Amino acid sequence: MIFDLPVVSLPIVGSTERFPVRRIYCVGRNYLEHIRELGNDEREPPFFFAKHRDMIVQSGEKVAYPGLTKNYQHELELVVAMKSGGENIAKEDALSHVFGYAVGLDMTRRDLQMASRKKEQPWEIGKSFEQSAPCGAITPAEKCGHLSKGRIWLNVNGSPRQQGDLQQMIWKVPEVIAALSTQAGVAAGDLIFTGTPAGVAACNKGDKLLGGVDGLAEVSITIV
Ligand code: MN
């Protein structure tokens, strides 16, 4: 190698070992109330976009308000961390590939995302940018079980901002993994952000974001 690339990793709850990150995928729309608040089609099948692993922010860190946007929004999401994978994974086998779960933020430059959508261009400029993927520690599934219900929430400056329940996910975790594995190989180290409940809104400098899912380690960031 002519130079070394740093390994991006996340802490694991109850362990001194860390989880190395390979790819980051995000589900586009997965909660009805959020689809309605953005005025999108409720019957569309799940679709995916990607972020890069060096866009991860560790919980507790500061996040710089990004350039180019006037509408920088939070999307609090359940994150699935994979320990193995494959292509065309059957729904019934999908959970056997899951290492654990975390809470993440799919930070979004909403104005740029909407503008690229209107022009039928890719979403990169709105979704894939510096520090756009804050993520908390991963809880192994052997500790928390596989999650299909439970509160998912985000507080901004101590006030409730996003609230929902994992039961409201249109596409459940096994369906998300199965669908993703038809379009790309899923493998150990992949993170899948599974979509956000209602309540997305703009962030400002100085905002403190704290989010959680029942049974998992919280995620927190401060916008600076
Ligand atoms: Mn999202």
Side-chain angles (χ1 to χ4, degrees), residues 10 21 23-42 44-53 55-57 59 63 66 69 71-82 101-117 121-136 138 147 150-156 161-173 175-177 179-180 183-184 186 190-203 207 209-213 216 218-221 223:
L10 288 168
V21 177
R23 293 180 184 168
I24 305 171
Y25 288 103
C26 306
V27 181
R29 294 163 194 144
N30 209 10
Y31 291 77
L32 267 186
E33 294 303 317
H34 173 61
I35 291 173
R36 286 174 185 156
E37 75 183 347
L38 293 187
N40 289 312
D41 185 344
E42 296 173 13
E44 217 172 82
F47 66 95
F48 300 90
F49 57 90
K51 301 197 185 214
H52 300 280
R53 59 185 165 209
M55 295 169 178
I56 283 186
V57 176
S59 183
V63 172
T69 185
N71 191 3
Y72 173 51
Q73 296 198 349
H74 51 72
E75 296 188 0
L76 193 281
E77 310 197 357
L78 171 71
V79 177
V80 182
M82 307 301 293
Y101 298 90
V103 184
L105 282 157
D106 167 18
M107 299 305 291
T108 301
R109 297 192 283 206
R110 188 75 67 202
D111 44 356
L112 303 183
Q113 180 203 13
M114 294 299 191
S116 50
R117 206 173 74 185
Q121 288 178 350
W123 282 11
E124 253 80 4
I125 195 169
K127 286 291 195 180
S128 190
F129 54 93
E130 296 308 323
Q131 296 189 291
S132 60
C135 192
I138 298 170
L147 303 185
R151 221 162 67 84
I152 176 169
W153 54 272
L154 174 73
N155 287 355
V156 178
R161 180 69 72 76
Q162 287 194 260
Q163 290 192 69
D165 192 288
L166 297 181
Q167 289 183 82
Q168 296 164 333
M169 287 170 66
I170 300 166
W171 304 96
K172 311 301 179 193
V173 171
E175 295 172 314
V176 166
I177 295 167
L180 175 59
Q183 75 171 53
V186 174
D190 288 355
L191 299 179
I192 308 171
F193 284 58
T194 57
T196 197
V200 300
C203 299
D207 282 351
L209 279 58
L210 174 68
V213 169
L216 301 182
E218 294 171 350
V219 65
S220 71
I221 56 167
I223 314 292

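First listed ligand is number 1; within each ligand, the first listed atom is number 1. From a predicted model like this one, the values you see are computed outputs, not experimental measurements.
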Worked check of salt bridge (charged side-chain N to carboxylate O under 4.0 Å, His left out) between K51 and E124: CA-CA 8 Å; K51 301 197 185 214; E124 253 80 4; over 6 Å; no
Total protein N, O or S atoms, the Mn ion (ligand 1), separation less than 2.8 Å: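 Excluding waters, the total comes to 3.
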Aromatic centroids of W123 and F47 separated by under 6.0 Å: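 Yes, the ring centres sit under 6.0 Å apart.
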T194 (side chain) donor-acceptor with V79 (main chain) under 3.5 angstrom: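 Judged by distance alone, no pair lies under 3.5 Å.
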Between H74 and R161, a side-chain donor and acceptor under 3.5 Å: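 Distance-only check passes for H74 and R161.
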Smallest separation among heavy atoms of L78 and V173, with atom names: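 Smallest heavy-atom distance, with atoms named: CD2-CG2, 4.1 Å.
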Closest contact, heavy atoms only, D190 versus V186: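 It is OD2-CA, 3.5 Å.
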